[in-house]
Amino acid sequence: MNEKHVYDMIIVGGGPGGYTAALYGARAGLDIIVLEKLSAGGQMALTQQIDNYPGFEEGIDGFSLGEKMQKQAELFGGKSEYAEVVGMDLNADPKMVETDTGELYGKTVVIATGANPRELGIAKENELIGRGVAYCAACDGMFYKGKTAAVVGGGNSAAADALLLSRIARKVIVIHRRDTLRAEKIYHEPLMNAENVEFRWNSTVAELLHKDRLTGVRLKDVVTGEESIVECDGVFISVGRKPATGVLKGQLELDNSGYIAAGESTQTNISGVYAVGDVRTKLLRQVVTAVADGAVAAHMAEEYLAGGAQELPANP
Ligand code: NAP
């Protein structure tokens, strides 16, 4: 009977955190594999322009940066496999990761599954996806050339989406439940100065109006309670992210917002299991903080494999 192969490190998710763990792990001589569902880069691959990752003074698109990170890890022996992870047994010895193509075994596991767009949770939202409801301006913005697009949210994602759409659409309407943007200051001026960007402050989307596709949204003013209708061809929902932890099925401790409870050490409540990037509890979810996590996780895994004592933090 064939003995099962046991990797030193299985990395679940090929975003910046995952591929940095792969780079550091491979350079340390570990036998590693990265499991990625779609393409290298994760959510980053959907970002058209990244201007705040050091070393690229003219910025770089997220897809190219993802490919570069993958190539760099592979150069040192890090392997990738395109497969969807459907389950895990993190308490087993060795740890087991089940994909749609079979089971893999590892002495350590790095969870780098990131976070997915959060939904508004209103009627018809799911049914209208692709027919006027969208979550990614970099992916679907081109369908709104010369049209009217609304953007819901006031954070960095909503601001970046609105700016991107302002260069494609005829008109962009930002719908935000507060009277001021939460987005970083760098976005405020270009958005306020864009001639085709309008704001609907203190407003939430009460209803998606549609025939065979979206025709507009009914807004509710959160201060006065008044309702109004905004006609638009598309609505981009940019109201944050939710951590991709479904596949863990309760095996790891999560914080109150559903992120994996792991601090700067990336150590989770299970020995030999580390959480990196957007999926873990952290102050700032950026490419640059995800890559830092990846390096730390690889270092932690290396020590763990070498038999170094690692205390599980009481409060990570
Ligand atoms: P975010 O910062 O959490 O902002 C979410 C926005 O959506 C907030 O303005 C929030 O309103 C609003 N919102 C949440 N739930 C809502 C609901 N049910 N209905 C209406 N509005 C709702 O999320 P994000 O903008 O997606 O950013 C996620 C992370 O990625 C952040 O750490 C961000 O800094 C990072 N990011 C960075 C960049 C960049 O640096 N260039 C670009 C994109 C994302 P309130 O303000 O009222 O809470």
Side-chain angles (χ1 to χ4, degrees), residues 15-17 41-54 56 58-63 65-66 112-126 133-141 150-166 173-191 199-208 217-223 227-228 230 232 235-244 255-259 276-293:
Q43 284 284 319
M44 177 181 80
L46 304 176
T47 306
Q48 207 186 33
Q49 176 77 4
I50 297 178
D51 287 325
N52 53 6
Y53 187 70
F56 296 92
E58 282 166 12
I60 182 166
D61 69 281
F63 187 81
L65 187 54
T113 44
N116 297 316
R118 192 186 293 148
E119 297 167 359
L120 282 180
I122 56 173
K124 303 284 177 197
E125 185 174 352
N126 282 315
V133 169
Y135 296 86
C136 170
C139 324
D140 298 335
V151 176
V152 185
N156 278 335
S157 299
D161 283 357
L163 262 187
L164 172 66
L165 287 165
S166 73
I173 302 155
V174 178
I175 300 163
H176 185 31
R177 63 186 181 184
R178 293 177 194 257
D179 61 1
T180 175
L181 292 175
R182 168 206 283 263
E184 286 164 34
K185 290 277 174 271
I186 193 156
Y187 286 112
H188 290 218
E189 215 180 282
L191 265 183
F199 294 87
R200 296 296 298 263
W201 302 113
N202 295 320
S203 299
T204 53
V205 176
E207 189 184 351
L208 298 170
V217 290
R218 189 159 54 80
L219 299 187
K220 183 169 181 184
D221 188 307
V222 295
V223 180
E227 294 194 341
S228 60
V230 165
C232 57
V235 59
F236 286 81
I237 296 166
S238 278
V239 297
R241 305 264 166 89
K242 55 174 192 243
D255 69 14
N256 290 338
S257 307
Y259 292 91
V276 305
D278 284 5
V279 76
R280 83 163 173 93
T281 303
K282 58 169 40 208
L283 199 61
L284 182 65
R285 293 190 170 85
Q286 294 279 294
V287 177
V288 76
T289 58
V291 300
D293 282 0

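Just the heavy atoms: all of them, side chains too, but no hydrogens, waters or symmetry mates, feed the values below. Read the numbers this way: they start at 1 and go in the same order the structure lists the ligands and their atoms.
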A.B. asks: Quick one: closest heavy-atom pair of G59 and D51, and the distance?
C.D. replies: CA-OD1, 3.4 Å
A.B. asks: Does the E119 side chain pair with the main chain of V239, one donor and one acceptor, at a distance under 3.5 Å?
C.D. replies: no
A.B. asks: Would you please name every residue forming a side-chain hydrogen bond (donor to acceptor under 3.5 Å, both in side chains) with T289, sequence neighbours left out?
C.D. replies: K282
A.B. asks: As a test of reading the model: which residues have a non-hydrogen atom less than 4.0 Å away from ligand 1?
C.D. replies: N52, R118, L120, G153, G154, G155, N156, S157, H176, R177, R178, R182, E184, Y187, S238, V239, G240, R285, Q286
A.B. asks: Under a 3.5 Å distance rule, please check whether R280 uses its side chain to pair with a backbone N or O of A112 as donor and acceptor.
C.D. replies: no
A.B. asks: With distance as the sole test, does S203 use its side chain to make a donor-acceptor pair with the main-chain N or O of W201 at under 3.5 Å?
C.D. replies: yes
A.B. asks: If you count the non-hydrogen atoms of other residues, nucleotides and ligands that lie under 6.0 Å from CG in L283, is the total more than 12?
C.D. replies: no
